[in-house]
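Computed from a predicted structure; not experimentally measured.
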Amino acid sequence: MTELFATLAAQATAARLKAYAPYSRFQVGAALVTEDGQIFAGCNVENAAYPEGTCAEAGAIAAMVAAGGNRKIKTIMVAGKGPAPCLPCGGCRQKIREFATPATRVQVVNEDGKLLFEETLHALLPASFGPENLDQDV
């Protein structure tokens, strides 16, 4: 296990414990590292009006954007609970894509930080649509 993996796992699992999930009771945390080494974490935040909640990945991305600076995700890690990997939903895959490349690593760990899944964003979102498709400077 690399030092970066251990740091991301610690941040993602710690964020998971701070999740606001009174309805599903399914806490999720996420941590990402930018190309310049900054780490940002987020957790899911549910809402009584169910579709208004936010995923952990969106929280980590929002923290990254709010901090300014580098906005290129090198790796993102999601922490869920149990033996099945808690993969990013379709909407989060697209949110990650906005700030990533097809080669960005997506890792999933359980509540103990054990790696359950690792793949590129391209494998999770092939033939994706990104900022470059709009032919605008971003």
Side-chain angles (χ1 to χ4, degrees):
M1 176 178 357
T2 68
E3 183 178 335
L4 177 59
F5 178 90
T7 300
L8 284 177
Q11 294 270 340
T13 56
R16 181 186 160 275
L17 295 176
K18 296 175 184 173
Y20 178 74
Y23 308 108
S24 72
R25 307 269 193 265
F26 192 78
Q27 297 173 298
V28 181
L32 64 84
V33 61
T34 59
E35 289 180 349
D36 66 353
Q38 295 183 78
I39 295 175
F40 300 97
C43 60
N44 61 318
V45 178
E46 294 181 349
N47 189 290
Y50 293 138
E52 298 306 317
T54 57
C55 296
E57 299 91 329
I61 290 168
M64 174 190 70
V65 171
N70 186 291
R71 293 180 173 177
K72 295 291 182 191
I73 300 171
K74 180 179 178 182
T75 301
I76 187 163
M77 180 180 288
V78 181
K81 182 177 181 179
C86 179
L87 293 165
C89 69
C92 284
R93 293 175 195 202
Q94 187 63 47
K95 288 175 180 75
I96 295 165
R97 175 64 176 90
E98 184 71 16
F99 301 99
T101 69
T104 295
R105 303 301 302 171
V106 178
Q107 299 173 324
V108 179
V109 296
N110 66 8
E111 68 272 24
D112 298 320
K114 177 184 174 193
L115 183 65
L116 301 177
F117 178 89
E118 181 175 18
E119 194 51 84
T120 64
L121 180 59
H122 175 73
L124 294 177
L125 192 65
S128 65
F129 185 87
E132 67 280 357
N133 295 107
L134 298 176
D135 196 27
Q136 298 175 356
D137 292 330
V138 225

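Atom-to-atom distance recorded for Asn47:CG and Thr54:OG1 is 9.0 Å, nearest 0.5 angstrom. Summarising the geometry, atom NZ belonging to Lys95 is positioned 6.0 Å from atom SG belonging to Cys89; distances are rounded to the nearest 0.5 Å. Leu8 CG to Thr2 OG1: the interatomic distance, rounded to the nearest 0.5 Å, is 8.0 Å. Atom CG of residue Leu32 and atom NZ of residue Lys72 lie 13.0 Å apart, to the nearest 0.5 angstrom. With values rounded to the nearest 0.5 angstrom, Thr101 atom OG1 is found 7.0 Å from Glu35 atom CD.
Side-chain contact check for Met77 versus Gln11: every heavy-atom pair is 4.5 Å or farther apart. A heavy-atom distance below 4.5 Å is found between the side chains of Ile61 and Ile73. With a 4.5 Å cut-off on side-chain heavy atoms, Leu17 and Thr13 do not count as touching. Annotation: side chain of Thr120 is in contact with side chain of Arg105 (closest heavy-atom distance under 4.5 Å). In this structure, the side chains of Asn44 and Phe26 stay at 4.5 Å or more apart for every pair of heavy atoms. Looking at heavy atoms from C-beta onward, Val78 lies in side-chain contact with Pro88 at the 4.5 angstrom threshold. Using a 4.5 Å heavy-atom cutoff, the side chains of Ser128 and His122 are not in contact. Looking at heavy atoms from C-beta onward, Phe99 lies out of side-chain contact with Thr104 at the 4.5 angstrom threshold.
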- Message: Using the rule given for side chain to side chain contact (heavy atoms under 4.5 Å, CB included), can you reason through Val109 versus Phe5, listing the C-alpha separation, both sets of side-chain angles and the distance that settles it, and then say yes or no?
- Response: CA-CA 10 Å; Val109 296; Phe5 178 90; 3.8 Å; yes
- Assess whether side chain to side chain contact (heavy atoms under 4.5 Å, CB included) is satisfied between Val65 and Phe40, documenting all intermediate values. CA-CA 10 Å; Val65 171; Phe40 300 97; over 6 Å; no
- Starting from the C-alpha separation in whole Å, work towards a yes-or-no answer on side chain to side chain contact (heavy atoms under 4.5 Å, CB included) for Gln27 and Glu111. CA-CA 10 Å; Gln27 297 173 298; Glu111 68 272 24; over 6 Å; no
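The two residues Ala30 and Ala60 make their nearest non-hydrogen contact at O-CB, 4.1 Å.
Using a cutoff of 4.0 Å between basic side-chain nitrogens and carboxylate oxygens, Glu57 and Arg97 are not scored as salt-bridged.
Taking hydrophobic clusters as Ile, Leu, Val, Met, Phe, Trp and Tyr residues chained together by side-chain heavy-atom distances below 4.5 Å, Phe129 does not share a cluster with Leu121.
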